[in-house]
Structures are given as structure tokens and as C-alpha cells.
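Here is the structure we will look at.
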Protein chains: 2
Amino acid sequence: MDRGARSRDAILDTAGDLMARHGFAATSISMISTACGLPVSSIYWHFRSKDGIYVAVLERARTALLAALPPAEVPGADVAQRLDTFLAELEGAFQRHPRGVKLLLGLGMVQQDASTAAVAEVRHYRDALVDWARESVSSVFALGERPQVADEMARFTLRMVSGTAVARWFEPQTVLETGPLRVALLGLAAHHGVTVGGAPGEGAPPAAS
Amino acid sequence: MDRGARSRDAILDTAGDLMARHGFAATSISMISTACGLPVSSIYWHFRSKDGIYVAVLERARTALLAALPPAEVPGADVAQRLDTFLAELEGAFQRHPRGVKLLLGLGMVQQDASTAAVAEVRHYRDALVDWARESVSSVFALGERPQVADEMARFTLRMVSGTAVARWFEPQTVLETGPLRVALLGLAAHHGVTVGGAPGEGAPPAAS
DNA sequence: GTCTATAGCGGGATAGAC
DNA sequence: GTCTATCCCGCTATAGAC
């Protein structure tokens, strides 16, 4: 890797870190310059504007987070097994990529000010997560025939994750509580009359209402 | 009300609106001045600094939101009735006070930059919400004897609400989905062996695991 | 690709008349 | 309490040597 590419990476690393901590507007080019040791003009040479950095940071966070997420085709013989696998990997990704989600949330908030390209990238990021969640949930609960149920449960899961990400910026040691989430998802599946096979401890699915 | 107080209110209204939309850092004094029609120096006369505005805006949002929330002592003969009441009022408050939560979230994010007073006010705001949630959930499910269960369910509820608030800034028409939340909370209660009385459609509570 | 230097503007904040 | 005018600084962005 040549020096240019290494510099580019260094800038993106620092910028991503600072923006996740302070937000986009509160992060200045000179902060980034000081923190990564490269002059302001180099930053402008690599990315044409502050918005350019924003877009590149988002794109990189998205790629990294999606690569770290478990595959949407969750392996496992029955629902209980697949659900446990899914939740464990979700928790792991949440733990190992604190910046990924916070960048999306923090930067997603300032959509009103951002450029068209940046807004597009934020939506791209968010849509990728939504798709992934829907496919994963659908795979875990075998919901190929019930897309609306899959949608509802995916939304539910993602909102829980976002909410926990929010809680984490008040209390950094916050973890994703997979226990209650597991109970809730099984409850939702049962409520919709989805067959849960031998899932222990949740009783038989009652009639859907 | 004299003119001074009215001006103060007008400034706070505009500042709160702008800050909820753009975030703290991206909201400038001159933006506020232009939007509310009062000169910059009046703003500085009422609030000594930009941070002063921040604190006042947060304090006001907290007061307004807490006043709008249903009382923590939820009325109702049985769990199902109290839960329905609780969820309906929660949804209503969520719908009617979009700024309250977003201010807390958006401003809470920039804690690192903010003054001591502002950070204190953010935590105060957040703690008030946590307390309210815990007491409400405890009242709905009669959890006086099981504080840990109440804590878990309150955290769960709040995270769902925060997550939905996040979703709303991507898609403004987003509403709090009380249906799935209801199922999830009943499932959690059952999982902890909490007596749910005549709650319809959820089956008998299985043995706690 | 990286450096120094600087333009040009808008930010937060203040002075002092009224 | 509200106004006009202004200070000073840091911001985004560029120019041009190397």
C-alpha cells in the first residue's frame, strides 16, 4: 500500500472516531488534522470537502459493520438453535462495533443540513441494516411465507438495538440484553401463530388474535 | 406576562426547535436570532452563553415531557387493563412530543463537548424518564416485590421507545408500535412468572426458567 | 501527495446608546 | 430589555512551492 492510501486511511480513521464522539458539525477539519498529524490541505486533497469526508466515513462504517454482521442465512436445526446463534452474533457485533451504529445514528440526525450525497449514503447504510435484519429474522423463524410478520419482528429487533445504542452513550458499559429480546421475539412469533418447534420454556403457541 | 418573559419564551421555542432539528453544534446564535426576530444581544442578555440556552432548552423539554406523561400510578382493575392504558398514553405522549425525546437523544450525544451544567441537565432529564418508566411498569404489573423484574421491563420499554424515536428521524411518520410491545411485555412478565390475571390471548404463564 | 500560508466568511460574545 | 456596531477567533477552503 502506497503512502497516499495509508494517509487516506489514517484520515478516515481519525475522522470516524471524532465524528462518532462529537457529531459531524462539532468535528472540524483542523481537529482531524491535529489528531492524525496530516496537514489540512492533504485532507482536502483526498476528500474534496468536509461533506466528502462525511460520505467516505459513512461508507466505510457501513462496509465494516455489514462485513462483521452474521450472514442473513442463519444456520441451525430448529428455531431455538437459530435464534440463539443469531442473538449471540448480533450481540457480538454490537459489542465490537460501537462506532458503526453511533455514526449512523449521530450522523443520521443531521440529515437536514447534509448534502444530497451524504443523505443518500445515510439511507443506504440504514437500508442495508433493515434488509439484513429482515432476512435474518425471516431465516431464524422460517418466515418465507409471512413477510409481514418478518417485517414486524425485524423492526422490533432493530429498534431494540438502536435503543440500546442510545442507552450506551449515556452509560458506555451498556450491553445488548439478548435474554429479554429472545423472550420477546419468541412471544411475538407465538402470538402470530408461527411454529416454534421445540423451543423450551415458552409454552405452546396460543391461538393468534 | 411582561415583554421580557415573552421574549425569553420565544427564544427558547425557536432554539428548541432548531436544536432538535439540526443538533446543538449546528445551531448558531444568529440562526436563532433570525428565526425568532430578536437581536443577538437580547439572546445573550437572557441566557449568558450558548450553553445557557442549551441548558434552558433541555430543562424546558424535560418539564414539558414529564408533565405530558401519564402518572406513574396507572389506574385499572387488572394487568391487561392497566397495560392498555399505559401503552395508549405512552403512544400519545410519543406522538405529541416529538421534540422532547429527540432533544434528549441529539443533545445527549454531544455530552463530550458540553459544559458541566449541560451534562448534568441531560442526565437529570434521562434519569427522570428512567424513574418514571420503572414506576409505571411496576404499577402496571404490580411488581412492588420484584424490583429487578420491574427494572428489566422498564429498560426494555425505554429502549423500544428510544429505538422508535431513532427510526422516526429517518421516517417521520413512524409511530410507536404498541401491539408488539404489548405482546413482548406480557411475554416477559410470563417468563418471570408474574401473575397476569385474566390477560386474554397469551395463555397461562409457563414455569419461570 | 504533502507542505506553508492565507483568503474570506461566519461563529460566539461584548460595548454602549437608547 | 432591546438595539447597532464591532471584536476576535476558528472555520472551510484554496494557492502554489516542493
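One interatomic measurement links the two molecules: CZ of B:F24 to C1' of C:dG12, which rounds to 11 Å at whole-angstrom precision. The distance between atom CZ of B:R48 and atom P of C:dG12, rounded to the nearest whole Å, is 17 Å. The interatomic distance linking A:W45 (CH2) with C:dG1 (C1') rounds to 6 Å, in whole Å. Look at CG on A:D2: it is 13 Å from C1' on C:dT2, rounded to the nearest Å. Residue A:I32 contributes atom CD1, which lies 17 Å from atom P of D:dG10 at whole-angstrom precision. A straight line from CD1 of A:I11 to P of C:dT2 spans 7 Å, rounded to a whole angstrom. The distance between atom CZ of A:F47 and atom P of D:dT12, rounded to the nearest whole Å, is 15 Å.
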Taking N or O atoms only and anything under 3.5 Å, show me the protein contacts with nucleotides 8-11 of chain C, one pair per line.
from   : atom 1 : to    : atom 2 : distance (Å)
C:dG11 : OP1    : B:S28 : OG     : 3.3
C:dG11 : OP2    : B:S30 : OG     : 2.9

With 3.5 Å as the limit, what N/O pairs link the protein to nucleotides 16-18 of chain C?
none

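Looking at A:D2 and A:R6, no side-chain N of the basic residue comes within less than 4.0 Å of a carboxylate O on the acidic one, giving no salt bridge. A salt bridge links A:D17 to A:R21: one of the charged nitrogens lies within less than 4.0 Å of a carboxylate oxygen.
Side-chain contact between A:T174 and A:W169 is absent, with no heavy atoms from C-beta onward closer than 4.5 Å. In this structure, A:T178 and A:L90 have side chains that are not in contact, with every pair of non-hydrogen atoms separated by 4.5 Å or more. Inter-residue side-chain proximity for B:L181 and B:F156 is flagged as met; some heavy-atom pair is nearer than 4.5 Å. Annotation: side chain of B:M153 is not in contact with side chain of B:V140 (no heavy-atom distance under 4.5 Å).
The ring pair (Phe, Tyr, Trp, His ring centres under 6.0 Å) pairs that include a residue from residues 32-52 of chain A number zero, where partners must be two or more places apart or lie in different chains. Counting only residues at least two apart or in different chains, salt bridge (Lys or Arg N to Asp or Glu O under 4.0 Å) contacts with residues 54-77 of chain B comprise B:D9-B:R60, B:D13-B:R60, B:R62-B:E121. A salt bridge (Lys or Arg N to Asp or Glu O under 4.0 Å) check over residues 157-171 of chain A, counting only residues at least two apart or in different chains, returns the pairs A:R159-B:E177, A:E171-B:R126.
The ring of B:W132 has its center no closer than 6.0 angstrom to the ring center of B:Y125.
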Report the secondary structure of DNA chain D in dot-bracket form, marking unpaired bases with a dot and bases paired to a different strand with |, and treating Watson-Crick or G-U pairs with both distances under 3.5 Å as paired. ||||||||||||||||||

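One finds a side-chain N or O of B:Y44 lying less than 4.0 angstrom from the OP1 or OP2 phosphate oxygen of C:dA13.
For the atom pair A:L65 CG and A:L129 CG, the distance stands at 5.5 Å (nearest 0.5 Å).
When each of C:dC3, C:dG1, D:dT2 is scored by its nearest atom to the side-chain atoms of B:S7, the top-ranked nucleotide is D:dT2.
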